[in-house]
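Because the structure is a prediction, the values reported are computed rather than measured. We number each residue from 1, following the sequence as shown.
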Amino acid sequence: MLRNTLLAAVAAAALCPALASAQHHDHDSAPPPAAPCAPGPMTEQHHGMDHGAMHSGTPPAACAGAPADQAGMTDAMAAVTAPQRWRDAADAALAHAPEGAAMPGMTMGTAAGWYTPGSGTARNPAGEGPMRGAMLHAGDWMLMVHGYAWALATDQGGLRGGDGGYVQSMAMVMADNDLSDRLHLQLRAMGSLEPAMGARGYPNLFATGETANGVALVDRQHPHDLFMELAMRADYRLGGDTSLFVYAAPVGEPALGPSAFMHRASARYQPMSPITHHWFDSTHITYGVLTAGVAAPTVQLEGSWFKGREPDERRWGFDPIRLDSWSVRGTWTPSPFVAVQLSHGRLRTPEVLHPGEDENRTTASMQYARAGLATTVAWSRKDRQPGDVLDAFLAEATYELTPRHAVFARVENVTNDELFTYHDDPLHDRRFRVTKAEAGYAYRLPIAGPLGVALGGTVAAYAKADALDAAYGDSPVSWTLFAKLAVGL
C-alpha cells in the first residue's frame with residue numbers, strides 16, 4: 001500500500017508543471033462586455049480548439065488591451081458552428097462542475113461544438129460539457145492535460161471477495177493543430193502507473209478477464225498497461241463541418257462499443273471497473289489500430305483494422321503490433337443531449353487461454369447528458385466462434401447536484417461462464433447470470449485551477465443463482481472508499 005501511494009504521488013507530481021500555466025476561468029461562459037471592441041462577424045476558420053461559448057461578435061481576447069496570453073489562446077480557437085442550443089447544453093453542464101474543472105465552451109479537435117470527444121474516436125453528447133483538464137497554449141498548438149491518482153480502500157463481500165488498498169492512475173495529453181485550412185492534426189498520449197499494483201490487480205467481485213502469472217483472473221480486475229494510448233488523428237475537412245479522418249495508433253482504441261468507462265461522464269466517480277468491462281471496454285487498450293471514417297455534425301461512420309488479442313500480463317512492456325481483426329461503428333448525435341452508437345466487430349483469438357477461439361462482438365448504447373446529469377445504457381453480445389453466446393447489459397448515471405456534491409449509480413447484468421476456471425470443478429464452463437447494483441456519493445473540493453479532489457464511497461449488492469451460494473455466500477455486499485486527485489475533476 002505504501003509503495004502504491006508513493007507511486008500515486010509521483011504521478012500527481014508529474015502533472016503539476018502543467019498546472020502552473022493553467023488559468024482560472026469563471027463558470028459563466030458568456031464573454032465580458034464588448035465595450036472596448038466593435039462587434040464583428042465570427043470566423044469560420046478552425047484552429048485546433050473550438051470555442052463553444054463564443055457568441056456573434058469579436059472574441060473578447062481579440063479586443064484591445066486583452067492580456068497577451070489570452071490573445072494567444074484566441075489565435076488557436078474558433079467559433080463553433082453548432083447551433084446555440086448545443087452551446088447552451090455544454091454551458092449548463094459546466095455550471096454543475098467543480099470550479100476550474102474545464103474551460104468554458106472548449107472542445108478539442110474538430111468537434112465544433114457538436115459533441116464532446118470520448119475515448120479513441122468515440123463521441124459523447126455535447127450535454128456532458130467540455131472535456132475537463134488543463135488547457136495550455138504552446139505556439140500554434142493547443143494542449144489539454146488530464147489525469148488522476150485515485151487511492152481506494154475496498155472490502156469486496158462474500159466468501160470470494162478480497163479486500164485491501166490500491167491506487168489507480170492515469171495521465172493524458174492531447175495536442176491539436178491546424179496544418180492548413182483543411183487539414184487538422186491531433187496527437188494523443190495516455191499512460192498509467194497501475195502495473196505497480198502487481199499482475200493480479202485489485203479485488204472486484206464477479207469481474208473476469210485476462211490473466212496473471214498464467215492463471216485466469218476471477219473476482220479481480222487487472223491493472224491498465226503503462227502505455228494506454230499513443231495515437232494520431234488527421235481530419236481532412238470537406239466543408240460544412242464534414243471531414244474524412246484517419247486514426248492510427250501503435251496503442252489505441254478501435255471503433256467498437258461506446259466510449260470507454262474512464263471517459264464517460266456517467267462513470268466519472270465510479271471507483272471500480274464494470275464487471276461487464278470485457279464485453280464493452282476490453283479493446284480500449286489495443287496494440288495496433290488503424291481507423292478511417294467520415295465525420296459529419298450529427299453522424300459518424302467508421303471502420304477499424306486492429307489487433308484482436310487482449311494485452312498480455314507484462315503491463316510495463318509494449319506488446320507486438322498486429323492487425324488481424326476488424327470492426328465498424330455508426331454514431332448518431334441527433335441533439336446536444338443524446339449520443340447513440342451501434343457497432344460490430346470480429347476479434348481474432350482475443351483471449352490467451354482460449355487459443356483458436358474467435359469472437360463476434362456486437363454493441364449498442366445510448367448516452368443522455370443534460371445539466372449535470374449523465375447516463376449510459378448499453379448492451380453487448382459476445383458470440384464465440386466456436387463457443388457460447390454471452391450477453392451483458394449496463395446502465396449507469398452520475399448526477400452533479402452542485403459543483404461540490406455528486407451522486408452516482410451503476411447496474412450491470414451479465415452472463416458469464418468464466419467464474420470457475422479449474423476443469424475438475426463441477427461448475428467449470430457453466431453459464432451464470434449475475435446482477436451487480438452499486439451506488440455512491442462524491443464530495444468535490446477544488447484545490448487550484450483545474451486541480452481538485454473528490455472524496456466518497458460506494459456500496460454494492462449482487463443478485464445471482466442459488467448454485468453460486470456455496471462459493472460466494474448468500475448475499476454478498478461490497479463497499480469502497482476513495483480519494484480521487486484529478487486534473488479536471
Side-chain angles (χ1 to χ4, degrees), residues 1-5 7-8 148-170 192-225 261-262 267 269-282 285 310-311 313 315 353 392 394 396 408-414 416-422 425 427 432 434-440 456-464 468-484:
M1 177 63 180
L2 177 60
R3 183 183 68 172
N4 290 343
T5 303
L7 286 170
Y148 56 74
W150 201 339
L152 300 100
T154 189
D155 185 347
Q156 296 290 288
L159 302 177
R160 292 176 68 169
D163 57 31
Y166 58 95
V167 175
Q168 298 179 17
S169 62
M170 185 270 286
S192 173
L193 292 179
E194 288 182 16
M197 70 173 66
R200 297 190 69 241
Y202 59 87
N204 189 5
L205 200 63
F206 290 109
T208 61
E210 303 194 21
T211 63
N213 306 314
V215 178
L217 286 168
V218 180
D219 301 312
R220 299 190 70 86
Q221 174 60 45
H222 61 80
H224 287 112
D225 284 31
F261 70 93
M262 301 167 58
Y269 304 108
Q270 283 280 0
M272 292 284 178
S273 296
I275 63 172
T276 54
H277 172 60
H278 282 265
W279 276 254
F280 294 104
D281 308 307
S282 64
I285 300 177
E310 295 170 345
E313 60 185 67
R315 305 291 175 179
L353 295 182
L394 175 146
E396 65 187 16
F408 52 90
R410 176 188 286 151
V411 177
E412 303 173 80
N413 181 277
V414 61
N416 197 332
D417 63 357
E418 297 181 329
L419 295 175
F420 300 89
T421 60
Y422 295 105
D425 194 306
L427 300 182
F432 295 99
V434 176
T435 299
K436 176 182 180 180
E438 186 171 24
T458 69
V459 176
Y462 310 84
K464 54 181 175 44
L468 297 177
D469 288 355
Y472 284 92
D474 293 342
S475 302
V477 174
S478 303
W479 59 262
T480 303
L481 300 176
F482 64 82
K484 181 179 184 181

Distance (rounded to the nearest 0.5 Å) between [X] [atom1] and [Y] [atom2]:
{"X": "Asn204", "Y": "His277", "atom1": "CG", "atom2": "NE2", "result": "10.5 Å"}
{"X": "Ile275", "Y": "Asn413", "atom1": "CD1", "atom2": "CG", "result": "8.5 Å"}
{"X": "Met272", "Y": "Thr480", "atom1": "CE", "atom2": "OG1", "result": "3.5 Å"}

With no hydrogens and no angle check, is any side-chain donor or acceptor of [X] less than 3.5 Å from a backbone partner on [Y]?
{"X": "Gln168", "Y": "Trp150", "result": "no"}
{"X": "Glu210", "Y": "Leu217", "result": "no"}
{"X": "Thr154", "Y": "Trp479", "result": "yes"}
{"X": "Arg220", "Y": "Gly201", "result": "yes"}

Check your understanding: Considering the options Gln270, Glu396, Glu412, which one meets the side chain to side chain contact (heavy atoms under 4.5 Å, CB included) requirement together with Glu438?
Key -> Gln270

Review point. Is the NZ or CZ atom of Arg160 both under 6.0 Å from the centre of the six-membered ring of Phe420 and within 45° of that ring's axis?
Key: yes

Review point. So, Phe206 versus Tyr472, ring centres under 6.0 angstrom or not?
Key: yes

Review point. Under the criterion side-chain hydrogen bond (donor to acceptor under 3.5 Å, both in side chains), which of His224, Gln221, His222 is the partner of Glu194?
Key: His224

Point to revise | Close side-chain approach of Phe261 and Thr276, heavy atoms under 4.5 Å | key: no

